Amino acid sequence: MKVITVVGARPQFIKAAAVSRAIAEYNDMNDLQIEEKILHTGQHYDEQMSAVFFEQLEIPKPKYNLGIVEKTHGAMTGRMLADIEAVLIDETPDALLVYGDTNSTLAGALAAAKLHIPVIHVEAGLRSFNMMMPEEINRILTDRVSQLLLCPTQTAVENLAAEGISAGVYNVGDVMFDVTLYYRDKAREQFPLTRWGLEENGYLLCTIHRAENTDEPGKLGAIFSALQSLSSQLKVVIPLHPRTRKLLNDYGYDHYLQDLYALEPVSYLEMISLESAAKIIVTDSGGMQKEAFFHGVSCVTIRDQTEWVETVSAGVNQLCSTDKEQIVVIINDLLLRQAQKQSKADNGMQPYGKGKAAQEIVRLLVEEI
Ligand code: UD1
Ligand code: UDP
């Protein structure tokens with residue numbers, strides 16, 4: 001059986017790492033062999049946004065790298081569609097595997113569907129119900145053309161049911177939970193906090209990169225102004241996505257970084273280490289919200305909606321607007337409550353499965369395709 005895996009953006013490398021490992025384990029134990037070929041669209045291309053994940057997470061080297069770095073959504077997705085189609089015509093795989101909700105996901109799904117190659121969508125069924133987000137458009141369209149819709153949560157299964165989609169839908173759990181469990185101890189050992197001169201519970205960890213927060217100068221300025229004022233009471237550590245660093249510079253906002261501990265994007269193991277010891281995580285990242293939940297670290301999500309609603313109902317994550325005062329008030333309130341409680345959040349829930357999502361994905365791939 002031959003499978004082409006399409007990846008392009010940072011979170012997809014992390015998710016694909018779990019499934020590629022599970023495929024290798026399956027091949028070791030079975031006569032039927034799954035031949036996986038990885039296609040990297042090139043969407044993320046900096047060393048710290050791409051190569052570092054392949055090396056550290058031991059992901060098989062991509063057979064194809066399309067090197068597509070167009071700026072606009074249409075040009076990027078269109079070029080990916082044409083180039084992925086050419087590879088699929090040449091390779092004639094039995095299935096195509098895509099992850100999440102990026103432009104690379106949509107281009108891969110569309111190219112395969114038009115060639116009648118079954119599409120397997122990992123992280124199917126997530127919805128923010130906000131069609132202004134490019135990710136929401138990518139998710140909905142990818143789900144519509146997928147044969148196997150592998151959901152990370154029961155909520156995702158229900159979202160699909162509400163859209164009339166039930167065939168090929170399975171709740172397999174969250175592959176990112178698998179990866180966190182696999183690397184958690186190794187991360188703390190290999191990258192202790194002394195690397196950054198930090199102490200356990202002694203800092204706020206932040207990442208910001210979503211278009212809705214970065215593309216309007218007013219919103220980005222409010223977020224960074226809030227972080228700057230919080231930095232007088234708690235160290236703010238912020239690995240900066242290249243998009244955010246560039247826009248801060250374009251808007252003339254570099255001065256906001258003076259009081260923050262700004263880093264280049266960090267590797268996955270470094271991030272896991274930083275997350276697990278943080279006092280609080282502030283983010284607009286989908287992956288980071290869940291990882292905060294896995295580590296029992298309180299999270300403030302700078303977005304109006306989240307697809308990971310379980311983290312909110314567990315009381316570990318709260319949504320916050322881009323209003324500077326609101327950000328400061330919510331974080332101060334959280335710090336006060338933490339000081340009273342003196343312990344990390346206990347989520348007491350398992351909505352993201354048992355850390356065996358990747359094996360389940362491989363089982364379904366073999367049985368259903
Ligand atoms: C993309 C995804 C988003 C996901 C994020 C993960 C879409 C529509 N968005 O957003 O859902 O949360 O990846 O990180 O697919 N850049 C570099 N070097 C890189 C990568 C990006 O300099 O290695 C800069 C470029 O200026 C680029 C900009 O960042 O134009 C935005 O990159 P892009 O991939 O378009 O979107 P992300 O914000 O990364
Ligand atoms: N991440 C990382 N280094 C960083 C920032 C994030 O390894 O500097 C990891 C993070 O731990 C999570 C994933 O990247 O596993 C999240 O990706 P991102 O925030 O880029 O995208 P999203 O999840 O919002 O789509």
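Counting convention: from 1, in listed order, for ligands and their atoms alike. No experiment lies behind these values; they were computed from the predicted model shown.
More than 12 heavy atoms of other residues, nucleotides or ligands sit less than 6.0 Å from atom NZ of Lys2. For Lys356, the NZ atom sits in a loose shell: 12 or fewer heavy atoms of surrounding residues, nucleotides or ligands are nearer than 6.0 Å.
Distances from ligand 1 to the non-hydrogen atoms of Gln48 include no value under 4.0 Å.
Remark: minimum distance from atom 18 (N) of ligand 1 to any protein heavy atom is reached at Asp46 OD2, 2.9 Å. Atom 6 (C) of ligand 1 has as its closest protein heavy atom Pro11 CD, 3.5 Å. The protein non-hydrogen atom at the shortest distance from atom 2 (C) of ligand 1 is Thr102 CG2, 3.9 Å. The single protein non-hydrogen atom nearest to atom 22 (O) of ligand 1 is Tyr45 OH, 3.1 Å, given as residue, atom name and distance. The nearest heavy-atom contact from the protein to atom 30 (O) of ligand 1 is Lys71 NZ, 3.6 Å.
A salt bridge links Arg303 and Glu212; the closest N-O separation between the charged side-chain nitrogens and carboxylate oxygens is under 4.0 Å. The pair Arg139-Asp143 does not count as a salt bridge, with every side-chain nitrogen at least 4.0 angstrom from each carboxylate oxygen. Ion pairing between a basic and an acidic side chain is recognised when a charged N comes within 4.0 Å of a carboxylate O; Lys235 and Asp259 show no such pairing.
Close approach to Glu135 involves these atoms of ligand 1, each under 4.0 Å from a residue heavy atom: 3 (C), 9 (N), 11 (O). Applying the 4.0 Å criterion to heavy atoms of Met76 picks out, from ligand 1, the atoms 35 (O). Listed by number with element, the atoms of ligand 1 under 4.0 Å from a non-hydrogen atom of His73 are 8 (C). Residue Arg210 approaches ligand 1 through these ligand atoms, each under 4.0 Å from one of its heavy atoms: 12 (O).
Residues lining ligand 2 at a heavy-atom distance below 4.0 Å are given as Arg10, Pro11, Ile14, Phe53, Met176, His209, Arg210, Pro239, Pro265, Val266, Ser267, Tyr268, Met271, Glu275, Ser285, Gly286, Gly287, Met288, Glu291, ordered by chain and residue number.
For Tyr170, the ring-ring contact (aromatic ring centres under 6.0 Å, His included) criterion is met by no residue, not counting sequence neighbours. For the salt bridge (charged side-chain N to carboxylate O under 4.0 Å, His left out) test, no residue two or more places apart in sequence or in another chain qualifies with Glu55.
With 3.5 Å as the limit, one finds a donor-acceptor pair spanning the side chains of Gln289 and Thr306.
Side chains of Phe54 and His40 form a contact here, defined as non-hydrogen atoms less than 4.5 Å apart.
Pairs engaging residues 195-222 under the ring pair (Phe, Tyr, Trp, His ring centres under 6.0 Å) rule: His209-His241 [sequence neighbours left out].
Not one N or O on the side chain of Thr92 forms a donor-acceptor pair closer than 3.5 Å with the backbone of Leu88.
Within the set Glu47, His209, His44, the minimum heavy-atom distance to atom 39 (O) of ligand 1 is found for His44. With Gln43, Arg243, Glu136 as candidates, the residue nearest to atom 29 (O) of ligand 1 on a non-hydrogen basis is Arg243.
Seen from the ring of Tyr26, Arg363 does not count as a face-on cation partner, given the 6.0 Å and 45° thresholds.
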